[in-house]
Structures are given as structure tokens and as C-alpha cells.
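A short write-up of the structure that comes next.
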Amino acid sequence: MQPFTVVTGAAPYLPQDNLDTDIIIRIERLAALPRHELGPCAFETLRYVPDGAENPDFILNQPVFRNAPILLAGDNFGCGSSREAAVWALQGISLRCVIAPSFGDIFFSNCFQNGVLPIRLAAETVQMLARACAQGAPLSVDLHRCDLLAPSGQAIAFEVDPMRRDGLLHGLDDVGLTLRHDASICAWQRTDRQRRPWVWSTAGAVPPQ
Amino acid sequence: MEARTVIDKLWDAHVISDLGNGWALLHIDRHFLHELSGPPALADVEERGLPLHDPGLVFSTPDHAVSSQPGRIATTFALGGRLHAALQQASARMGVRMFDLGEPGQGIVHVMGPELGLVLPGTTVICGDSHTCTNGGLGALAFGVGSSESSHALATQTLRMQKPRQMRIRCEGALRSGVTAKDLVLHIIGQLGTAAGVGSVIEFCGPAVETLDVEARLTLCNLSVELGARCGLVAPDERTFAYVKGRPFAPQGAALEAAIAHWRTLFSDEGAVFDHEECIDASAVRPTLTWGTSPEHAVAVDGLVPDPNSITDASQKAAYSAAIAYMGLTAGKPLAGTPVDYVFIGSCANARISDLRAAADVVRGRKVAAHVTAWVVPGSELVKRAAEAEGLHTVFADAGFSWREPGCSMCVAANGEQVQSGRRSVSTSNRNFVGRQGPGARTHLASPAMAAAAAVAGVIIDVADLPEVNA
């Protein structure tokens with residue numbers, strides 16, 4: 001996982017609320033393509049018109065916002081399907097950070113698993129940043145300091161869970177960390193086999209044909 | 001002792017270690033894999049050179065990308081065939097019990113888990129699918145995960161989680177005759193909005209929930225994620241225990257009695273505190289459909305398509321205008337009477353035997369309107385066989401429905417089964433997002449009875465308004 005420390009660049013604004021993961025990446029694409037080829041399909045129903053040409057009205061198609069590393073978004077961004085490919089598709093267009101008033105819960109977790117930083121800020125703050133960045137002026141997001149620098153030079157603090165911040169800063173891998181607890185996991189399971197034998201005894205039974 | 005919620009009890013019972021800052025290492029009792037998100041998770045673990053921590057707690061089945069065409073095989077939909085093969089091979093290599101096509105147990109993951117007795121009250125359940133919350137209908141703490149979290153659970157049988165906030169939705173009063181769990185939950189989402197449950201687990205309770213049978217509770221919890229919640233649940237009760245008893249993988253005899261004694265302790269104590277509580281008057285709920293492109297765009301069948309000009313909030317006004325345009329509707333006009341092209345009865349929301357019975361009761365003795373393409377896709381192989389044993393397939397076929405093989409089919413449109421662009425579908429599924437049933441598809445969510453009524457009338461209609469069948 002690529003560590004996240006400081007990310008600076010243009011920040012286009014997608015104001016729609018409830019922009020779901022079906023819109024971020026269509027299911028046919030994630031069935032057909034490996035994860036590193038999803039970028040061209042990110043937001044495809046918004047980015048392209050039906051004949052396949054680029055939709056010039058879509059903000060990510062404007063030259064100044066192509067490959068922008070930061071996205072400003074509406075409420076409940078990434079709601080819906082659990083598909084982690086939504087995050088992979090965003091990474092495929094170089095996004096490293098999404099700023100929104102709120103996020104779909106599964107999408108929010110999936111971002112951290114892939115080195116993408118989701119930041120929750122009040123709706124008014126997101127809109128203020130959208131106005132400040134509308135012409136392509138850059139934002140700078142600093143995960144060490146937990147603040148972002150608006151084009152005006154104003155610093156805006158954001159909150160991020162300490163464990164998740166650590167993981168992003170160092171590109172840490174959860175599986176390796178958890179396996180250090182394996183003795184506790186196995187001990188818990190031994191006790192649980194006594195306490196809730198029905199959870200364990202049923203696994204492996206054969207259903208009637 | 002301090003009053004605890006049922007969510008507290010389930011959470012605390014699964015914490016292996018406190019990781020600090022509100023994080024816990026949580027034990028996962030049941031892990032389901034399907035062919036879309038399962039193979040990447042299995043491949044990730046394999047590439048790390050790790051074994052599955054507890055393969056006996058992991059179960060797989062193909063559902064998302066398999067064809068539902070009668071007589072289908074794995075490669076009937078070629079793209080899905082590759083995914084199916086990947087799931088089959090990785091399951092075999094890594095010791096995961098797979099319920100394959102044509103075998104009892106195959107089906108939509110959230111239909112087959114409960115019906116096999118794999119999902120039990122008081123268990124933690126995950127799957128790389130957002131509708132895993134369905135399983136909360138049995139009193140399980142069940143939530144969708146991404147494929148990274150899925151591979152973490154395959155390697156460790158745990159998840160690192162922060163305890164979610166807790167929300168309680170109390171449904172007072174009794175549902176009117178003919179009003180179903182689907183109508184209730186669409187009504188709730190319409191009232192509270194799709195972001196009401198973000199960051200929360202929802203306990204559904206109250207008289208209207210207690211009287212729902214378990215399959216209806218699965219429907220109710222299925223749409224928890226459309227309220228923004230990662231899980232929703234109904235505390236287990238005698239109905240739940242009766243449902244579990246006799247299921248193929250459920251405990252039996254003394255083991256079942258011991259389990260039930262434990263499950264009886266799983267309720268929210270008097271005085272237990274939730275972060276957020278809502279109360280819904282269930283007696284006011286009417287048969288409900290969606291008109292727009294979000295599950296919160298819900299309206300009673302005799303209601304009107306809303307008029308964006310009556311809305312002051314600028315962003316909501318824009319969202320309503322865009323939804324009405326996409327759906328090809330007219331603001332301020334009645335929803336009922338709108339012609340439909342497709343009717344889809346299926347999905348993890350509504351493809352259980354009780355759902356098919358409800359739809360068949362409407363269809364019996366009637367014909368699908370000539371311009372409507374109508375499909376019934378059973379939720380699992382066992383649902384299909386049970387329905388055929390009752391003759392429901394004949395009821396549907398005689399009326400002009402296509403009777404199909406189990407899978408997700410037109411709900412998710414990952415298998416080439418789509419509503420054509422610009423066409424209108426009444427669907428028993430759970431998402432009416434833009435493009436969900438195919439690019440340009442227009443979806444109205446509804447209960448099985450209401451979908452069946454739309455199929456025979458050819459328009460959106462209250463099932464109670466269908467003309468009598470001549471004997």
C-alpha cells in the first residue's frame with residue numbers, strides 16, 4: 001500500500017448527494033477488468049456521452065481537473081454496494097483523497113484499505129473549498145499535521161482515527177498486524193467452542209440432497 | 001448490571017481484544033463468498049502464502065454473475081463463467097465448502113445462509129456484499145465488507161472494527177392487511193432518508209416487527225444498508241428459534257436447546273440507551289413504491305410524483321428534477337397508471353418461498369399484460385424446488401412469466417440480464433440507482449404482490465385495485 005503523507009493538487013467538486021458506488025464503477029466493468037485497468041471506467045456514465053465521446057460538461061474532463069488527486073463531494077458519497085473496485089477505479093484516475101460531509105460506511109473503510117484518505121468536513125466547509133478551488137487552485141492535504149491548506153492559505157483541521165492515520169502514513173498492512181494477535185485469537189476460539197458449541201459443530205455438516 | 005442493547009450483547013460477545021482508541025478485534029463466525037468479490041479475497045490470501053484461518057466457517061456459492069436462463073450452466077454467461085471457475089478452484093484448493101450450481105444450498109448468499117441454518121442468532125456474519133445486513137433478520141450482527149476486509153477475515157477469522165453507533169427504529173401499531181415488510185421498509189427509508197443510519201447498527205423493534213415472520217424480517221433488514229447502515233437486526237425471539245429448528249446446518253437436540261437458552265438472552269434490556277431513536281407508525285403504511293433513483297424516493301401507490309418546485313432545499317430540488325427526468329415521469333402526476341415494460345420478482349430482498357407465494361397468489365388465474373416481460377428468479381435452489389413442489393412455477397408460467405434459475409439476475413445486472421435503456425421495470429429488488437438494472441434502466445422498487453400486480457395490469461397499480469378473477 002502506498003503511504004499517504006502530503007497530497008497537493010486540484011480539487012474538482014461533484015456536488016450530488018448519495019453518489020453511489022454503482023456510479024463510480026459499473027458492475028460489468030468490475031466483472032470484466034483487473035483492478036489496475038478500472039480507471040478509464042471510473043464515473044463512466046457521467047464522463048462519457050452514449051456514443052463514447054467525453055462529456056465536456058463533466059468536471060473531471062476539464063483540463064485543469066484531469067488527474068486531480070483530491071475530490072470534493074456531496075453527502076453520503078460512496079453509498080450502496082460494497083464493491084472495493086469503486087476505490088480502485090478512483091485510484092485509476094489518480095485520486096488519493098476524497099472530502100465530503102459524510103460517506104457510505106463500507107466505502108469509507110475500503111478507502112483506508114487502499115491508501116486513499118476520506119475526510120469528513122462540514123457541508124459549508126466543503127462548499128467553501130469548492131468555490132475556492134473552482135478554477136483549479138490547489139489544495140494541500142497534510143496527514144502528519146491533520147490539516148489541509150486552502151488556496152487562501154487558511155489551514156483547516158480534520159479528524160482521522162489515530163490507528164487509521166498510522167496505517168496510511170506507513171502504508172501498514174492490517175493482516176500482518178492482526179496475525180501478531182493470533183495466540184489471542186486461537187485462545188478465544190478454544191473458549192468459544194465450549195461456550196457456543198453450536199457455532200462450531202454445525203460447520204462441516206452435509207445438507208440433505 | 002448496566003442495561004445493555006442487543007447490539008452491545010452481540011458486540012461484547014465477539015471481542016477478542018481491545019485494540020485501543022475504540023477499536024476491537026472482533027471474531028467472525030460466518031463468512032460467505034460469492035464469485036464476484038470472493039475470488040479476489042481468496043487470491044490475496046493465497047498470494048500472501050497464508051492458509052485460511054478457519055475454512056470450516058467459510059462458505060461459497062455463485063450468485064452475482066451466473067445466468068438465470070433455464071438450463072443454464074456456469075458458462076452460459078461467459079464472463080461469469082470465468083468468475084465461477086475462479087471461485088470453484090480457489091474454494092477447492094483452500095478448503096471452502098462451495099454450494100455449486102444445481103446443488104441444494106446454491107443461491108443468493110443472503111437467501112442460502114439463513115435457509116441452510118448457517119446463519120444463526122447471535123452470530124457475526126460477513127460477506128463481500130453490502131446486503132449482508134439481510135441476515136440481521138435472524139438476530140445476527142451481519143455486515144458487508146470490501147474485499148480487503150474479506151481477505152483479512154479469511155486469514156485471521158477476525159475484523160478490526162470500531163464499535164458503530166446504535167440506532168433503534170420502533171415500528172408501532174399493526175401493518176394493515178396486504179401491507180408487507182417491503183412496504184414498511186420503503187416507507188421508513190422514505191421518511192428517514194438514505195443517510196439516516198450512516199455509521200450505525202439499527203435495531204428494528206416494536207409490535208409491527210414482532211409480528212413479522214422471519215422471512216419478512218430478512219426483507220426488512222435487507223434494506224438497512226439503503227438507510228446507510230452497515231447492519232440492521234431484529235432481536236431473536238420464539239419465531240426465530242422455530243425458523244432455525246430443523247435447518248440442515250442448525251444445531252439439533254440438546255445442542256439446539258443450549259443454543260436457544262443463550263439466544264433468549266439476546267434482547268435490549270429495559271432502559272438500554274441508543275445513540276438515536278426513531279418511531280414509525282406502521283398502521284399508516286400503504287403499499288409503497290419508489291418513483292425516483294434513490295430508495296428514499298418512496299411514495300404510497302396512490303401518491304403523486306413530487307413536484308420539485310415545491311422544494312426549497314436547492315440540492316434536493318436538483319436531485320428530484322434529475323430523478324424525474326431520468327425516470328421519464330411527470331412532476332405532480334399520479335404514479336399509478338404508469339405503463340411498465342419489465343417486472344422482476346427476485347433478489348436477496350424478495351426471492352424466498354413466502355415472496356413467491358405472495359406473488360403467485362396475485363398471478364393465479366390472471367395473465368401478464370402483452371407488452372410486459374415478466375421474470376421470476378427464485379433466490380436459491382431450495383426455494384426453486386420448494387416452489388415447484390407446490391406448483392408455483394406452473395402458476396407463473398401459465399400467466400406468462402419466465403421461470404428461471406436461482407441467482408441475482410436483473411437486480412444487479414452483472415450477468416448480462418438487464419432492463420433495456422429507457423424501459424421501465426417494477427422490481428422486488430433493493431436498489432433503483434441510476435443504471436442499476438442496466439444503463440438507462442428505470443426501476444421502481446416494490447413488494448412481490450405489487451410487482452405481480454404491475455405485471456398483470458401492465459401499469460403501476462395497487463394490488464387491491466386489480467379486477468376480480470373470473471372463476
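Computed from a prediction, not measured in an experiment: that's the story for all the values here. The chains referred to below are lettered A, B, ... by the order of the sequence lines, with proteins before strands, and numbering in each begins at 1.
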Task: Side chain / backbone / both / neither for Asp54(B) at chain A, heavy atoms under 4.5 Å - done: side chain
Task: Aromatic plane relationship, Trp200(A) with His27(B) - under 30° parallel, 30 to 60° tilted, over 60° perpendicular - done: tilted
Open item on the list: Taking side chain as everything from C-beta outward and backbone as N, CA, C, O, which of these in Gln316(B) sits under 4.5 Å from a heavy atom of chain A? Side chain, backbone, both or neither.
Closed with: neither
Task: Contacting moiety of Asp75(A), where chain B heavy atoms sit under 4.5 Å - done: neither
Open item on the list: Checking the side chain of Ser294(B) only, and the main-chain atoms of Glu296(B) only, is there a donor and an acceptor separated by less than 3.5 Å?
Closed with: yes
- [ ] Can you tell which part of Asn18(A) gets under 4.5 Å to a heavy atom of chain B, answering side chain, backbone, both or neither?
- [x] side chain
- [ ] Give, as side chain, backbone, both or neither, the part of Ala318(B) having an atom under 4.5 angstrom from any heavy atom of chain A.
- [x] neither
Open item on the list: Is the terminal nitrogen or CZ of Arg247(B) (NZ for Lys, CZ for Arg) located under 6.0 angstrom from the six-membered ring centre of Phe249(B) and within 45° of that ring's axis?
Closed with: no
Task: Interchain contact, Gln162(B) with chain A, by part (heavy-atom threshold 4.5 Å) - done: side chain
Open item on the list: One thing to verify: whether Asp29(B) and Arg196(A) come together as a salt bridge, which I'm taking to mean a side-chain N less than 4.0 angstrom from a carboxylate O.
Closed with: yes
Open item on the list: What part of Ile23(A) gets within 4.5 angstrom of chain B, counting heavy atoms only: side chain, backbone, both, or neither?
Closed with: side chain
- [ ] Indicate yes or no: at least one non-hydrogen side-chain atom of Leu382(B) is less than 4.5 angstrom from one of Leu116(B).
- [x] yes
Task: Arg26(A) portion near chain B, given a 4.5 angstrom heavy-atom threshold - done: side chain
Open item on the list: Given heavy-atom pairs under 4.5 angstrom as the criterion, report whether the side chain, backbone, both or neither of Asp17(A) touches chain B.
Closed with: side chain
- [ ] Taking only Lys NZ, Arg NE, NH1 and NH2, and the carboxylate oxygens of Asp or Glu, determine whether Asp142(A) and Arg145(A) approach each other closer than 4.0 Å.
- [x] yes
Task: Non-neighbouring partners of Glu54(A) that pass salt bridge (Lys or Arg N to Asp or Glu O under 4.0 Å), sequence neighbours left out - done: Arg66(A)
- [ ] State whether the side chain of His84(B) and the backbone N or O of Gly80(B) hold a donor-acceptor pair below 3.5 Å, judged by distance alone.
- [x] no
- [ ] Using non-hydrogen atoms and a 4.5 Å limit, figure out which bit of Ala255(B) sits close to chain A: side chain, backbone, both or neither.
- [x] backbone
Open item on the list: Out of Leu256(B), Val145(B), Val225(B), return the one with the most heavy atom pairs under 4.5 angstrom to chain A.
Closed with: Val145(B)
Task: Arg120(A)/Glu159(A) ion pair, N-O < 4.0 Å - done: no
TODO: Counting only heavy atoms closer than 4.5 Å, note whether Gln418(B) contacts chain A via side chain, backbone, both or neither.
DONE: side chain
Open item on the list: What part of Ser17(B) gets within 4.5 angstrom of chain A, counting heavy atoms only: side chain, backbone, both, or neither?
Closed with: side chain
Task: Side-chain heavy atoms of Trp188(A) within contact of Thr158(B), under 4.5 Å - done: no
TODO: With a 4.5 angstrom heavy-atom cut-off, could you sort out which part of Thr132(B) is near chain A: side chain, backbone, both or neither?
DONE: neither
Open item on the list: Less than 4.5 Å to any heavy atom of chain B: does that hold for the side chain of Phe108(A), its backbone, both, or neither?
Closed with: neither
Open item on the list: Please classify the contact of Thr45(A) with chain B as side chain, backbone, both or neither, using a heavy-atom distance under 4.5 Å.
Closed with: neither
Task: Interface moiety of Val15(B) toward chain A, non-hydrogen atoms closer than 4.5 Å - done: backbone
